[in-house]
Amino acid sequence: MIKKTTYAWYAVYTKTNFEKRIKGYLNQQNIECYLPVHKTLKQWSDRKKWIEEPLFKSYIFVRVSNVEFFNVLNIPGVFSYVSFGGKPQTIPDYEIENVKIFVEQGDQEVILTREKIASGMKVRIQHGPLKGVIGEVVQMSGHSRIMIRVESLGYCLSLNVSKNMIKDLTSSEAEFRRIPGNQNKGISNLAR
């Protein structure tokens, strides 16, 4: 019996400042990858310039099956897959999609942090460039911010959100269960 090839997202730990080069190698090998970048203003002694930098320094995301899995490790500058308990950690598709939407919305500054942030109210964004994103509303510096977690890396991404753009999901068990990855969880299991 032939098994169906299944693909999953993984985070790969890379040599510092090699992320873009590794993305090029992955593209040459037709391996699906995602390198979130953001623009930052760099100051040199004689000039200022906007440059694109990786949002997650020393990480790149790859979507591979067991066929390409070890090919990724042979790329110069790749150290390892992000693992827990010796097992490479898969990343749910919806987490990667949420990161893509956050990064590509472009209107607001995305804040990346490794701080331990308490769970907030689960919401779905109803309007605008972030429509469909499921995250948490948290208070940071006196402002309501929508936050998404990238559990496998221990990061949180957040940006400002207007309360009229969101729908509270914590009040509806049925709506919450439709969120990818939550089919077996109850509302009481939201906090981690």
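Here the structure is a predicted model, which means the values were calculated and not measured. Because only heavy atoms are used, hydrogens play no part in the values below, and waters and symmetry mates are left out as well, while side chains stay in.
- Residues Val37 and Ile96 fall into different hydrophobic clusters, defined by Ile, Leu, Val, Met, Phe, Trp and Tyr side chains chained together at heavy-atom separations under 4.5 Å.
- Each salt bridge (charged side-chain N to carboxylate O under 4.0 Å, His left out) pair with one or both residues in residues 23-34, not counting sequence neighbours, appears once here: Glu32-Arg63.
- Residue pairs satisfying the salt bridge (charged side-chain N to carboxylate O under 4.0 Å, His left out) criterion with at least one member in residues 11-22, sequence neighbours excluded, are absent.
- Remark: Glu136 engages Arg149 in a salt bridge (Lys or Arg N to Asp or Glu O under 4.0 Å) (not counting sequence neighbours).
- Qualifying ring pair (Phe, Tyr, Trp, His ring centres under 6.0 Å) partners for Phe56, counting only residues two or more places apart in sequence or in other chains: Phe61, Tyr155.
- Glu97 CD to Tyr94 OH: the interatomic distance, rounded to the nearest 0.5 Å, is 12.5 Å.
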Using residues 67-88 as the side-chain source, report each donor-acceptor pair under 3.5 Å to any protein atom, sequence neighbours left out, with the distance given to one decimal.
unit_1	atom_1	unit_2	atom_2	d
Glu68	OE1	Ser65	N	2.8
Glu68	OE1	Ser65	OG	2.7
Glu68	OE2	Tyr7	OH	3.1
Asn74	ND2	Phe70	O	3.4
Tyr81	OH	Phe69	O	2.7
Ser83	OG	Tyr81	O	3.2

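- In this structure, Glu52 has no salt bridge (Lys or Arg N to Asp or Glu O under 4.0 Å) partners at least two apart in sequence or on a different chain.
- Side-chain atoms of Thr90 and Tyr10, non-hydrogen and from C-beta on, do get closer than 4.5 Å to each other.
- By the criterion of side-chain heavy atoms lying less than 4.5 angstrom apart, applied directly or through intervening Ile, Leu, Val, Met, Phe, Trp or Tyr residues, Val62 is not grouped with Tyr59; the two fall into different hydrophobic clusters.
- Clustering ILVMFWY residues whenever any of their side-chain heavy atoms sit less than 4.5 angstrom apart, transitively, puts Ile31 in the very cluster that holds Ile60.
- Under a hydrophobic-cluster definition in which Ile, Leu, Val, Met, Phe, Trp and Tyr are linked whenever side-chain heavy atoms come within less than 4.5 Å, directly or via other members, Trp9 and Ile101 are assigned to the same cluster.
- Ile22 and Leu35 fall within the same hydrophobic cluster, where Ile, Leu, Val, Met, Phe, Trp and Tyr residues are linked whenever their side-chain heavy atoms come under 4.5 Å apart, directly or through other members.
- The structure places CG of Asn98 at 5.0 Å from CD1 of Ile148, a figure rounded to the nearest 0.5 Å.
- Minimum interatomic distance between Ile91 and Ala11 (heavy atoms only, all atoms of both residues): CD1-N, 3.6 Å.
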